[in-house]
Amino acid sequence: MKRLLLSLSLLVSYCSYCAAYNQVRLVIKDGVSNPQLKQQMEKSVSAVMTEINRSHEQNLDKLSFPATYMYKEAQAELNLLWQNDRMRCVEEEVVERVLTTYQGYQVRNIPLIVNSTAGGEVLGYQEAVINFDKQGVITSFYYTINPELYSKLRMDQMQNRRYEVTDIKDRMMILDYVEHFRTSYNQKDLRFLRQVFSDDALIITGRVVKVRKSEVVPSGKKVIYTTQTKQQYLENLSKAFKSNSYIKVTFDDVAIVEHPTIRGIYGVTVHQKWNTTRYSDEGYVFMVWDFRNPDTPQIHVRTWQPDYIDKEHGQKLNPNDVFTLGDFDL
């Protein structure tokens, strides 16, 4: 009788413990025919998202998952994000399809509510993309770009632009790295940024300054540009990471163009929103990505240009002035 009462007591305690947070269940509706593989991916995502909810509820400093669900490297990257963003999934059941990628599989559109770790500021709604190897073990966890935008970039032929990347496999590979790149700022991951920028990377930053009004500059404002080396850029970025409790970077527009003569070189233009504890802005980021070695792609050029030259009077940057591949001698 004592054992029975003890068992019942433990069961009640366990049920109360489980009820304190959402247990998430992934249901894969299509995209994979192997039932064992499907079950492995469903178990992996369900376990990881449930652990995230449990850790959020208990305000734990570290996430922990069995290696059967997620590789240690992926756990380390997710914990890096966890140090800055405390996310949770409010859905008990997530129904999604599986995409086949160049390295394995992918599930997108995992809904998240995100708060900053320091101060608890509400950072809003995000969606996660989870990548798997061919055995269904999780290899990475990133924030997605806009879901509708991703679908358009993945499936549309976009023939209105010369040299637009129309190969779906190439586009998915590039978008995967763009999403990793975007998430690295939220993670404050200097290690990845140091790795992805080439040693001789050119960093160009535009800023609006006041000048004397003239026929050429009637608004009295124009954009001037400064250049930095990779080392200078990362040193300044490190200071920004340390002085802000959170970094929230989002991309709400992306264009990918292949170099007309050099296979594996791509120009990627994104419209970026940057929000931190102390500063926020919107503008265009252009990057020259080198995928000639797809296992270790590198960025040779990164530029930033402000959205507005004179926001008060609605004067936006001329789209023809946004940097492109043709502006750089490769």
Side-chain angles (χ1 to χ4, degrees), residues 13-29 40-98 106-132 137-148 150 179-180 182-189 241 244-252 273 275-277:
S13 298
Y14 176 75
C15 290
S16 299
Y17 168 74
C18 290
Y21 60 90
N22 281 350
Q23 297 200 46
V24 183
R25 177 171 175 256
L26 173 69
V27 177
I28 295 174
K29 59 182 180 180
Q40 169 68 24
M41 287 191 281
E42 287 177 333
K43 282 185 176 180
S44 296
V45 174
S46 300
V48 167
M49 297 312 303
T50 298
E51 170 64 12
I52 285 174
N53 281 356
R54 184 185 75 85
S55 299
H56 185 279
E57 177 67 24
Q58 298 182 7
N59 197 27
L60 301 180
D61 292 330
K62 188 176 182 180
L63 303 168
S64 180
F65 315 104
T68 52
Y69 295 140
M70 177 180 265
Y71 284 105
K72 289 183 178 179
E73 295 82 359
Q75 289 191 42
E77 287 197 345
L78 181 51
N79 268 303
L80 195 59
L81 185 60
W82 186 254
Q83 290 174 19
N84 299 286
D85 289 2
R86 292 295 164 89
M87 75 279 303
R88 66 189 189 279
C89 180
V90 296
E91 300 292 335
E92 293 184 359
E93 184 174 272
V94 178
V95 181
E96 285 295 334
R97 68 187 303 270
V98 169
Q106 184 181 92
V107 172
R108 304 184 64 83
N109 310 325
I110 307 296
L112 302 171
I113 302 297
V114 183
N115 295 73
S116 69
T117 301
E121 292 94 340
V122 178
L123 302 183
Y125 177 79
Q126 298 275 5
E127 291 188 359
V129 51
I130 298 177
N131 288 297
F132 308 83
V137 181
I138 295 174
T139 59
S140 65
F141 180 109
Y142 306 137
Y143 289 152
T144 65
I145 59 174
N146 181 289
E148 292 181 2
Y150 181 89
E179 288 178 325
H180 190 177
R182 175 232 164 162
T183 305
S184 69
Y185 285 93
N186 297 64
Q187 293 171 313
K188 301 182 181 179
D189 189 356
F241 285 171
N244 290 279
S245 62
Y246 68 87
I247 306 285
K248 181 183 178 183
V249 174
T250 58
F251 296 159
D252 58 12
K273 294 181 180 179
N275 287 282
T276 69
T277 317

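- Taking CG of N79 as the reference point, atom CD of Q75 lies at 7.0 Å (rounded to 0.5 Å).
- Residue I110 holds its CD1 atom at 10.5 Å from CD of E91, rounded to the nearest 0.5 Å.
- Counting heavy atoms from C-beta outward, F65 and L78 have side chains that approach closer than 4.5 Å.
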key: Check against side-chain contact (heavy atoms from CB on, under 4.5 Å), N84 and S116   = CA-CA 6 Å; N84 299 286; S116 69; over 6 Å; no
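- Side-chain contact between V129 and E179: present, with at least one pair of heavy atoms (C-beta onward) separated by less than 4.5 Å.
- Put simply, the side chain of V94 does not reach to within 4.5 Å of the side chain of V27, judged on heavy atoms.
- In this structure, H180 and Y142 have parallel ring planes: the angle between them is below the 30° cut-off, well short of the 60° mark.
- A side-chain N or O of T276 and one of N244 form a donor-acceptor pair less than 3.5 Å apart.
- In this structure, a donor-acceptor pair under 3.5 Å is absent between the side chains of Y246 and N275.
- E42 places a side-chain N or O within 3.5 Å of a backbone atom of I28 that can act as its donor or acceptor partner.
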message = Please evaluate residues L112 and Y125 with respect to the criterion side-chain contact (heavy atoms from CB on, under 4.5 Å), reporting the C-alpha separation (whole Å), side-chain torsions for both, the decisive distance (0.1 Å), and the verdict.
response = CA-CA 6 Å; L112 302 171; Y125 177 79; over 6 Å; no
task = Would you please test D85 and K188 for salt bridge (Lys or Arg N to Asp or Glu O under 4.0 Å) and show each step?
result = CA-CA 10 Å; D85 289 2; K188 301 182 181 179; over 6 Å; no
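- Here the closest non-hydrogen pair linking N22 and V90 is ND2-O, 3.0 Å.
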key: Chi angles and distances behind the side-chain contact (heavy atoms from CB on, under 4.5 Å) call for M41, I130   = CA-CA 10 Å; M41 287 191 281; I130 298 177; over 6 Å; no
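- Rounding to the nearest 0.5 Å places CG of L60 at 4.5 Å from OG of S55.
- When side chains are defined from C-beta on, E92 does not count as touching R25, because their heavy atoms never get closer than 4.5 Å.
- A side-chain N or O of N131 and one of S140 form a donor-acceptor pair less than 3.5 Å apart.
- A side-chain N or O of S245 and one of T277 form a donor-acceptor pair less than 3.5 Å apart.
- You'll find the side chain of D252 reaches within 4.5 Å of the side chain of K273, heavy atoms only.
- Atoms CG and CD, from N186 and Q83 in turn, are 13.5 Å apart once rounded to the nearest 0.5 Å.
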query = salt bridge (Lys or Arg N to Asp or Glu O under 4.0 Å) between R54 and E57: does it pass, once the steps are laid out?
reply = CA-CA 5 Å; R54 184 185 75 85; E57 177 67 24; over 6 Å; no
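- No hydrogens or angles considered: a donor-acceptor pair under 3.5 Å links the side chains of Q40 and S44.
- Between M87 and H56, the shortest heavy-atom contact is O-CD2, 3.6 Å.
- In this structure, CZ on R88 lies 6.0 Å from CD1 on I113, to the nearest 0.5 angstrom.
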ask   = Given E93 and Q23, is the side-chain contact (heavy atoms from CB on, under 4.5 Å) satisfied, shown in steps?
value = CA-CA 8 Å; E93 184 174 272; Q23 297 200 46; over 6 Å; no
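- Contact annotation: the side chain of V137 approaches that of Y71 to within less than 4.5 Å [non-hydrogen atoms, C-beta and beyond].
- The side-chain heavy atoms of L26 and S46, taken from C-beta on, include a pair separated by under 4.5 Å.
- Once rounded to the nearest 0.5 Å, the distance linking CG of L80 with CZ of F141 reads 13.0 Å.
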